[in-house]
2 protein chains.
Amino acid sequence: MQTNSLHRLGDLQLRILQSLWKHHHAGVAQVRQDVGINLAYTTVATMLRKMEIKGLVEHQQQGRRFIYQATVQKDQVTHGLADRFVDHLFQGNLAGAIGHLLETRVVDPNDLDRLEAIIHQHRQTLSK
Amino acid sequence: MQTNSLHRLGDLQLRILQSLWKHHHAGVAQVRQDVGINLAYTTVATMLRKMEIKGLVEHQQQGRRFIYQATVQKDQVTHGLADRFVDHLFQGNLAGAIGHLLETRVVDPNDLDRLEAIIHQHRQTLSK
DNA sequence: ATGGGAATACTACCACGGTAGTATTGTGTG
DNA sequence: CACACAATACTACCGTGGTAGTATTCCCAT
């Protein structure tokens, strides 16, 4: 619910959200399937419950089981993480941050194409 | 020291590292200056000590005081955070991640120019 | 109808980020 | 030389992510 502090999400929470975003709504077992069957069922269930308290997800009951659903949009979370990344490490300099990403990672030509397309399109929007 | 789990750094730790990267080496008081004088001196000192145990920083003694220095490079931390961002949220799709960044943030034309330059340069490197 | 399994509820624990108080110690200055 | 001050050492505490065991409950299949 709270848009603040969205960057504090842990790895498991992130993976759970990922799963829920994919399925739209899913039961504990399904989430656990995505998130890693190495984890105990109760671990996933507990995390889900904690996340519900924090307002990250919600559930409806369907017979015996809980069907969960994310209440935060992927965009919000992405934005939170991006803020942290860009603001903390690059003083808010987005271009610098992206430049660094490109430099320190393997990028294939296709990606470059796609990026140029995005930039191009962006320019259109701006000039309008 | 450990390259793993570098993405788990908290906000304060990130700000401390930022300060150390800037100054190269700095005493507690200096770091505290950067990080926020609203924090108690001991808070910063304690955090620094904890970070030393984790191998993120090290210190040399200079007379009475400790002069700290980061032992992790900014690149490593950036990479760690970027991994989390790109891998968790975009399944490793870097272009997708960057695209999203561009879409959800305010970008001024200058940034677009710089990005295009970077992409261009990158293409050179790749084709070589 | 009843037992077994599936599902949730409750509880507990550890690690660690963040914050800071108190205690101790060393040092420079008057 | 003594003392105030500055700096570190030690300890503590809260919140929360992560993990899971145990207890309870309810439904379905036999």
Side-chain angles (χ1 to χ4, degrees), chain A residues 1-2 4-20 25-69 72 77 80-81 84 88, chain B residues 1-2 4-20 25-69 72 77 80-81 84 88:
Chain A
M1 192 130 247
Q2 305 290 51
N4 63 327
S5 85
L6 267 187
H7 65 268
R8 312 203 151 204
L9 298 179
D11 280 349
L12 178 57
Q13 299 184 334
L14 232 34
R15 274 183 288 145
I16 286 177
L17 285 177
Q18 198 80 46
S19 169
L20 291 179
H25 39 66
V28 177
Q30 266 161 93
V31 172
R32 175 160 172 256
Q33 206 64 241
D34 285 351
V35 141
I37 1 72
N38 48 308
L39 291 178
Y41 185 98
T42 52
T43 298
V44 178
T46 303
M47 199 58 197
L48 245 356
R49 208 155 347 96
K50 285 184 175 180
M51 288 171 78
E52 182 156 36
I53 292 171
K54 285 189 55 183
L56 294 170
V57 304
E58 66 185 11
H59 81 277
Q60 330 153 237
Q61 207 143 353
Q62 188 177 57
R64 183 84 272 275
R65 57 151 82 68
F66 284 12
I67 303 298
Y68 285 93
Q69 181 172 0
V72 284
V77 174
L81 245 50
R84 180 183 173 74
H88 268 293
Chain B
M1 192 126 244
Q2 306 290 51
N4 62 329
S5 85
L6 268 186
H7 64 268
R8 312 202 152 205
L9 299 178
D11 281 348
L12 179 58
Q13 299 185 332
L14 232 33
R15 274 184 288 146
I16 286 177
L17 284 177
Q18 197 82 45
S19 168
L20 291 179
H25 37 66
V28 177
Q30 266 161 93
V31 173
R32 175 161 172 256
Q33 206 64 242
D34 286 351
V35 142
I37 0 72
N38 47 309
L39 290 179
Y41 185 99
T42 52
T43 298
V44 178
T46 303
M47 200 56 194
L48 244 358
R49 209 155 346 97
K50 285 184 176 182
M51 287 170 78
E52 183 155 35
I53 293 170
K54 283 188 55 181
L56 294 170
V57 304
E58 65 185 12
H59 81 277
Q60 331 153 236
Q61 206 143 352
Q62 188 177 55
R64 184 82 276 274
R65 57 151 85 66
F66 284 12
I67 304 297
Y68 284 94
Q69 182 172 359
V72 284
V77 175
L81 245 51
R84 180 182 173 74
H88 268 296

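Just so it is clear: chains get the letters A, B, ... in the order the sequence lines come, proteins before strands, and each one is counted from 1.
With C:dC10, C:dG18, C:dA20 as the candidates, the nucleotide lying closest to the side chain of B:Asp11 is C:dG18. Checking D:dA9, D:dT19, D:dG21 against every side-chain atom of A:Thr42, the shortest atom distance belongs to D:dG21.
Dashed line: the shortest gap from a side-chain N or O of A:Arg64 to OP1 or OP2 of D:dT25 is not under 4.0 Å. Phosphate proximity of C:dT8 to A:Tyr41: present, with a side-chain N or O under 4.0 Å from OP1 or OP2. When the side-chain nitrogen and oxygen atoms of A:Arg65 are compared with OP1 and OP2 of C:dA6, none of them lie within a distance under 4.0 Å. Under 4.0 angstrom from either OP1 or OP2 of C:dA15 there lies no side-chain N or O belonging to B:Lys50.
A side chain to side chain contact (heavy atoms under 4.5 Å, CB included) with A:Met51 is found for one member of A:Val72, A:Val57, A:Leu12 and no other, namely A:Val57. Applying side chain to side chain contact (heavy atoms under 4.5 Å, CB included) to A:Ile16 and the options A:Val35, A:Leu9, A:Asp34 leaves one that passes, A:Val35. The only option from A:His25, A:Arg49, A:Arg65, A:Glu52 that meets the side-chain hydrogen bond (donor to acceptor under 3.5 Å, both in side chains) definition with A:His59 turns out to be A:Glu52.
In this structure, CE of A:Met51 is placed 13 Å from C1' of D:dT16, rounded to the nearest angstrom. Following rounding to the nearest Å, A:Arg32 (CZ) and D:dG18 (P) show an atom-to-atom distance of 17 Å. Residue A:Gln30 contributes atom CD, which lies 11 Å from atom P of C:dT8 at whole-angstrom precision. Note: CD (A:Gln13) to P (D:dG15) measures 17 Å, nearest angstrom. The distance from atom CD of A:Gln61 to atom P of C:dA6 is 18 Å, rounded to the nearest whole Å. Spacing between atom CD of B:Glu52 and atom P of C:dG17 amounts to 15 Å, rounded to whole angstrom units. Atom pair B:Leu56:CG and C:dG18:P shows a separation of 11 Å (rounding to whole Å applied). To the nearest angstrom, P of C:dA7 lies 14 Å from CZ of A:Arg49.
Heavy-atom distances to DNA chain D give each of A:Arg8 and A:Thr43 a nearest nucleotide, and the one nearer the 5′ end belongs to A:Arg8.
Put simply, the side chain of A:Thr46 and the base of C:dA9 share no donor and acceptor less than 3.5 Å apart.
Contacts of A:Phe66 with the nucleic acid, taken as non-hydrogen atoms under 4.0 Å apart, involve only primed sugar atoms and P, OP1 or OP2. If you check every strand for non-hydrogen atoms under 4.0 Å, A:Leu9 touches nothing. If you check every strand for non-hydrogen atoms under 4.0 Å, B:Ala40 touches sugar and phosphate atoms only.
For the pair A:Arg8 and B:Asp11, the tightest heavy-atom approach, listed with the atom from each and the gap, is NH2-OD2, 4.1 Å.
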Could you walk me through whether A:Gln61 and A:Phe66 satisfy the side chain to side chain contact (heavy atoms under 4.5 Å, CB included) test, starting with their C-alpha distance in whole Å, then the side-chain angles of each, then the deciding distance to 0.1 Å, before giving a yes or no? CA-CA 5 Å; A:Gln61 207 143 353; A:Phe66 284 12; 3.4 Å; yes
